[in-house]
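In what follows, a single structure is set out as C-alpha cells and then discussed.
What's counted below: heavy atoms across the whole structure, side chains too, no hydrogens, waters or symmetry copies. Positions are given from 1, in the same order as the sequence printed here.
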Amino acid sequence: MASITIRNLDNKVKTQLRIRAAGHGRSMEEEARMILREAVEREDGPTNLAQAIHSRFARFGGVELELPSREPMRDPPRFE
C-alpha cells in the first residue's frame with residue numbers, strides 16, 4: 001500500500017474530517033481514504049451526457065414518446 005502526506009491542511013478542514021470520521025465510526029485516516037476512493041470512483045462513470053442521463057434514470061424504466069409526423073420540406077424562399 002502507498003501512503004501520502006497532505007501538507008498545509010486548513011485546521012477547519014481537519015476538524016470537519018475528524019467530526020465526519022467520528023460520525024461514521026472511523027479514524028480520520030480511514031475517513032480520508034473513503035473520501036478519496038469515492039471521489040476517484042465517481043470519475044469512472046459515464047463519459048458523455050447521454051450515458052450519464054441514462055444511468056441516472058434507468059431504474060425508473062423507459063417511456064415511449066409519440067413522434068409527430070413529418071411533413072415534406074417547403075420550398076426555400078426566393079429573394080428576387
Side-chain angles (χ1 to χ4, degrees):
M1 290 262 172
S3 63
I4 62 171
T5 301
I6 302 173
R7 300 184 198 288
N8 301 319
L9 185 62
D10 186 37
N11 285 331
K12 184 177 178 181
V13 172
K14 182 179 177 184
T15 301
Q16 290 173 329
L17 180 62
R18 184 173 60 241
I19 292 169
R20 179 177 166 152
H24 292 134
R26 299 189 266 248
S27 67
M28 283 180 29
E29 190 173 344
E30 180 61 23
E31 188 69 19
R33 278 193 292 268
M34 292 298 295
I35 292 169
L36 290 171
R37 187 177 302 120
E38 289 171 3
V40 170
E41 287 173 356
R42 260 188 257 130
E43 291 179 7
D44 292 339
T47 56
N48 68 44
L49 182 59
Q51 287 176 340
I53 292 170
H54 181 341
S55 64
R56 169 98 27 157
F57 294 102
R59 63 185 172 137
F60 299 114
V63 62
E64 294 296 323
L65 300 175
E66 184 177 328
L67 298 176
S69 61
R70 298 199 66 167
E71 298 176 4
M73 287 181 53
R74 64 182 186 184
D75 293 331
R78 294 179 169 223
F79 300 103
E80 298 175 344

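At most 12 heavy atoms of other shown residues, nucleotides or ligands fall within 6.0 angstrom of atom CG in Asn11.
The shortest heavy-atom contact between Ser27 and Ala21 is O-CB, 3.6 Å.
The distance from atom NZ of Lys14 to atom CG of Leu9, rounded to the nearest 0.5 Å, is 8.0 Å.
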Throw together a table of side-chain donor-acceptor distances under 3.5 angstrom for residues 56-72, partners on residues two or more places apart or in other chains.
none

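When hydrophobic clusters are built by joining Ile, Leu, Val, Met, Phe, Trp and Tyr residues whose side-chain heavy atoms come closer than 4.5 Å, directly or via intermediates, Leu36 is grouped together with Ile6.
With sequence neighbours excluded, the residues forming a side chain to side chain donor-acceptor pair (under 3.5 Å) with Arg26 are His24, Glu31, listed by chain and number. Shown here are the side chain to side chain donor-acceptor pair (under 3.5 Å) partners of Glu30, two or more places apart in sequence or in another chain: Arg33.
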